[in-house]
Amino acid sequence: MKVRTRYAPSPTGFMHVGNLRTALYEYLIAKSQDGSFVLRIEDTDRERLVEGAVDVIYNTLKTAGLCHDEGPDIGGEYGPYVQSERKDMYLPYAEQLIKEGKAYRCFCTKERLEKLSEENVGGGYDGHCRDLPKEEIERLLSEGVPYVIRQKMPKEGSTTFSDAVFGEITVENSELTDQILIKSDGYPTYNFANVIDDHTMGITHVVRGCEYLSSTPKYNLLYEAFGWEIPTYVHLPLIMGKNEDGSVSKLSKRHGATGFEDLVSEGYLPQAIINYIALLGWCPKSNQEIFTLAELCENFHVDEISKSPSVFDYDKLSWMNAEYLRAMDESEFTSFAKPYYEKAFAGKAYDSKKLFEILHERTVKLTDIPAMIDFFAELPEYDREMFVNKKSKTTLENVPEILKAVIEELSGIDSWNSDSIKECLLGLAVKMELKNGTVMWPARIAAAGKTVTPGGAVEILDILGKEESLRRLNLGLSKLA
Ligand code: GLU
């Protein structure tokens, strides 16, 4: 049988990393077995709908490279793929169950149900309408009394199901309330629509967060009532965040960004996010940690998903992001870094090849870039004390003489490039009988106005160009006068 998985988000306007992981695992399960990955939009909860939210879903899947084979935007044999467009499909299924004695109309008033839940907290529905006499039902129907359709849950015995991650799970049927399938407005409940959709769309693997584990017996009783084949369930472990006191709790905004778009705007690469998220709950057999999407498809196995909660570690994500940046060639790196260069240079010209050389080994997050290079566009205010460095053996006394010599030597360069600058500064150190660092430190401070820079004096002077370099070196010298 062809594997068919579905990603069934509710359009809430935000793609939590947990949802993205579900989408990724659905994609991997389908693609690793030559199956289809289906996108279904679950928009029946009209109160939760957010304008533009469906676009967030499309954009995220596209940016993350998780291309669906069927969905609202591209169609397919099993459409429609938006739940609200399927709304007429559900009632006939519920009526079929009524005919077979597996479901019933419940005419209980809101007041009665409220009173019941007050008296019987957590106990569920008491089955008042389960066995109403036929004549009574007909009378209520003819009077137009509103009703819901409930499923008849078995009162005895237990329901067992097997989950690919959590193993065998059993619940006592007496704990299951007669669930509502169709609401009084004729619309299906989420649980009912979900089962009908998964079955009619031929879904073979249902992947979702473990918060759905407790509803699964109810889904299965529906499959059984219809005599349908139960899909393979893959429930995923919780994603936790690290608290300041070292404890962990469910990942939320107080731990950091939790949405895909937010992580991207914090400077993480989509491919690094996907790679990192793949490892949240999946333990590959080898020690390999860096996987392309294609490699994930080859290596991913459902039986390697762990049921213990995984902790979202932002440091680890940063490490992975830096690995991805380091592996990029100049043109790829530049395509990602460009918006950040533009921000730092604010309209001024820059040389992206030279920036690549100083940044690509050192950048952890793209958002670090502007602060790393902003001194090129404008020399920051700095204090003369910065010239003093014990390790480089620079003091307020020896720096003026060194800077003067640096200016003199550099002024003589005709062809300004990193080789000629380096040769010139190293030659100067020899001539003055100084350590290389004693010449480089003051040159770098004067050129950058800060102590921590990507690249050393040579690279910085090269990027600044001769004129600007000499202007800054002279300015540095004048600070010491
Ligand atoms: N629409 C549900 C959600 O966004 C999906 C649940 C499921 O995958 O069955 O949480």
Side-chain angles (χ1 to χ4, degrees), residues 3-30 35-50 52-61 64 66 68 70-72 78 80-87 89-90 161 163-166 169 179 181 183 187-223 228 230-239 250-252 258-261 277 280-281 302 305:
V3 168
R4 289 176 59 80
T5 62
R6 91 299 192 266
Y7 177 48
S10 305
T12 57
F14 175 75
M15 181 78 99
H16 187 272
V17 290
N19 291 338
L20 186 59
R21 182 188 59 176
T22 301
L24 172 63
Y25 286 14
E26 308 243 19
Y27 174 86
L28 295 176
I29 291 171
S36 296
F37 172 55
V38 178
L39 174 64
R40 179 173 79 226
I41 303 293
E42 300 204 322
D43 61 346
T44 37
D45 187 352
R46 310 304 289 182
E47 277 161 31
R48 284 174 68 206
L49 289 194
V50 177
V54 178
D55 291 330
V56 172
I57 295 167
Y58 290 142
N59 288 339
T60 305
L61 292 181
L66 308 179
H68 48 286
E70 296 165 32
Y78 297 80
Y81 292 91
V82 178
Q83 223 165 36
S84 58
E85 292 168 22
R86 301 169 70 83
K87 62 180 188 299
M89 288 179 53
Y90 307 107
F161 73 97
D163 181 79
V165 176
F166 286 81
I169 296 185
Q179 64 174 333
L181 306 179
K183 295 181 272 189
Y187 281 89
T189 55
Y190 170 73
N191 283 351
F192 189 55
N194 189 271
V195 167
I196 303 296
D197 287 342
D198 281 343
H199 173 74
T200 53
M201 290 182 161
I203 300 303
T204 58
H205 292 65
V206 170
V207 184
R208 48 163 83 111
C210 60
E211 64 273 18
Y212 285 94
L213 262 181
S214 60
S215 311
T216 305
K218 295 189 213 163
Y219 298 140
N220 282 355
L221 286 167
L222 276 172
Y223 280 99
W228 292 340
I230 291 174
T232 300
Y233 288 109
V234 183
H235 283 93
L236 305 182
L238 282 176
I239 301 179
K250 206 169 162 197
L251 183 70
S252 69
T258 57
F260 177 75
E261 287 189 335
I277 282 178
L280 282 179
V302 167
I305 301 175

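Just follow the structure's listing: the first ligand is 1, and inside any ligand the first atom is 1. Throughout, residue positions are numbered sequentially from 1 according to the sequence presented.
Side-chain contact check for Asp197 and Tyr90: at least one donor-acceptor pair (N or O, by modelled atom type) lies under 3.5 Å. A donor atom on one side chain and an acceptor atom on the other are not found under 3.5 Å apart for Tyr219 and Asp198.
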task = Go through the steps to decide whether Asn59 and Met15 satisfy the test side chain to side chain contact (heavy atoms under 4.5 Å, CB included), and finish with yes or no.
result = CA-CA 10 Å; Asn59 288 339; Met15 181 78 99; over 6 Å; no
request  = Could you go through the side chain to side chain contact (heavy atoms under 4.5 Å, CB included) check for Gln179 and Thr189 one step at a time?
outcome  = CA-CA 9 Å; Gln179 64 174 333; Thr189 55; 5.6 Å; no
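Ring geometry for His68 against Phe37 counts as perpendicular: the plane angle is over 60°, on a 0 to 90° scale with 30° as the lower cut.
Sorted by chain and number, the heavy-atom contacts of ligand 1 below 4.0 Å come from Arg6, Ala8, Pro9, Ser10, Glu42, Tyr190, Asn194, Arg208, Tyr212.
Remark: Arg208 CZ to His235 NE2 distance equals 5.0 Å, nearest 0.5 Å.
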